[in-house]
Amino acid sequence: MRIIYNTSYIIHEDIEQEWIAFMREQYIAVLQENNLCRDIIFTKVSIDQPEGKTYSLQLVFNTEEEQEHFLFNWFPTIEEKIIQNYTNQYVCFSSVLKEI
């Protein structure tokens, strides 16, 4: 059973391309360099919200321990970078999915 940590983002259109580059270079790159998850799925949601463009970042973990390691040791630092760069320019929510 794999665990998927999904975060959906709604981004202001003005920052869309800059934000995509930031996510690839500052978020996803850190995940890959430190081998923090088994797979990374970064997608654009086909239906946008009136507030902006919608994206999903799914991080796949093999165990709950791997997910917890990421959430407690890496996530706060990475999330703080997003907040510092894009305050009031996005909204997001996260959920944990378990593959069945």
Side-chain angles (χ1 to χ4, degrees):
M1 172 181 64
R2 297 184 311 166
I3 296 148
I4 303 165
Y5 187 78
N6 176 74
T7 304
S8 295
Y9 297 88
I10 301 174
I11 306 300
H12 283 257
E13 290 184 36
D14 301 359
I15 63 159
E16 183 178 18
Q17 295 308 310
E18 175 188 336
W19 181 82
I20 291 169
F22 173 87
M23 291 298 286
R24 286 182 176 148
E25 296 165 11
Q26 301 293 319
Y27 197 130
I28 295 170
V30 169
L31 296 169
Q32 292 171 328
E33 290 167 8
N34 293 283
N35 199 27
L36 294 175
C37 53
R38 299 297 156 228
D39 197 8
I40 301 165
I41 305 162
F42 186 41
T43 60
K44 181 171 186 333
V45 177
S46 60
I47 300 172
D48 291 316
Q49 300 297 318
E51 299 87 7
K53 304 295 182 179
T54 306
Y55 289 85
S56 172
L57 179 64
Q58 296 185 341
L59 310 179
V60 180
F61 301 94
N62 286 334
T63 66
E64 289 183 8
E65 291 78 18
E66 288 177 359
Q67 177 200 3
E68 289 174 7
H69 173 76
F70 166 72
L71 290 176
F72 291 111
N73 297 301
W74 293 88
F75 182 73
T77 302
I78 294 171
E79 188 69 13
E80 184 59 33
K81 287 181 183 180
I82 297 172
I83 293 168
Q84 287 175 352
N85 287 290
Y86 300 105
T87 298
N88 298 322
Q89 298 180 63
Y90 76 99
V91 294
C92 69
F93 67 92
S94 297
S95 55
V96 177
L97 312 170
K98 292 186 179 180
E99 187 177 53
I100 47 176

Inset, instruction - To the nearest 0.5 angstrom, please state how far the CD atom of Glu65 sits from the CD atom of Glu68. - result: 6.0 Å
Taking only distance into account, with no hydrogens and no angle test, what donor-acceptor pairs under 3.5 Å do side-chain atoms of residues 14-29 form with protein atoms, sequence neighbours excluded?
{"from": "Glu16", "atom 1": "OE2", "to": "Tyr55", "atom 2": "OH", "distance (Å)": "2.4"}
{"from": "Glu18", "atom 1": "OE2", "to": "Tyr86", "atom 2": "OH", "distance (Å)": "3.2"}

Inset, instruction - Verify whether one side chain among Ser94 and Asn6 offers a donor that lies under 3.5 Å from an acceptor in the other. - result: no
Legend entry - Heavy-atom check, side chain of Ile3 versus side chain of Val96, under 4.5 Å: yes
Inset, instruction - To the nearest 0.5 angstrom, please state how far the NZ atom of Lys44 sits from the OG atom of Ser56. - result: 12.0 Å
Inset, instruction - Indicate, with yes or no, if Val45 and Tyr90 share a hydrophobic cluster defined by side-chain heavy-atom contacts under 4.5 Å among Ile, Leu, Val, Met, Phe, Trp and Tyr. - result: no
Legend entry - Same apolar cluster (I L V M F W Y, side chains within < 4.5 Å links), Tyr5/Val91: no
Inset, instruction - Please name the pair of heavy atoms, one in His12 and one in Asn88, separated by the smallest distance, quoted to 0.1 Å. - result: NE2-O, 3.6 Å
Inset, instruction - Heavy atoms only: give me the nearest Gly52-Ile10 pair and the separation to one decimal. - result: N-CG2, 3.8 Å
Inset, instruction - Decide yes or no for Cys37 and Val60: does some side-chain heavy atom of the first lie under 4.5 Å from some side-chain heavy atom of the second? - result: no
Legend entry - Working for side-chain contact (heavy atoms from CB on, under 4.5 Å), residues Trp74 and Asn34: CA-CA 10 Å; Trp74 293 88; Asn34 293 283; 3.4 Å; yes
Inset, instruction - Hey, could you give me the CD1/CD distance between Ile83 and Gln89, rounded to the nearest 0.5 Å? - result: 13.0 Å
Legend entry - Non-hydrogen side-chain atoms of Thr7 and Tyr9 separated by less than 4.5 Å: yes
Inset, instruction - Considering only NZ, NE, NH1 and NH2 on the basic side and carboxylate oxygens on the acidic side, decide whether Arg2 and Glu66 come within less than 4.0 Å. - result: no
Inset, instruction - Report the distance from atom CG of Asp39 to atom CG of Asn62, rounding to the nearest 0.5 Å. - result: 10.0 Å
Legend entry - Reported CD1-to-CZ distance for the pair Ile40 and Arg38, which is rounded to 0.5 angstrom: 11.0 Å
Legend entry - Other cluster members, Phe93 - Ile/Leu/Val/Met/Phe/Trp/Tyr, side-chain contacts below 4.5 Å: none
Inset, instruction - State plainly whether one hydrophobic cluster holds both Ile78 and Ile4, where clusters connect Ile, Leu, Val, Met, Phe, Trp and Tyr through side-chain heavy atoms under 4.5 angstrom apart. - result: no
Inset, instruction - Kindly compute the distance separating CG (Leu57) from CD1 (Ile41), expressed to the nearest 0.5 Å. - result: 9.0 Å
Legend entry - Test item: Phe70 and Leu59 side chains (from C-beta on) under 4.5 Å apart, heavy atoms: yes
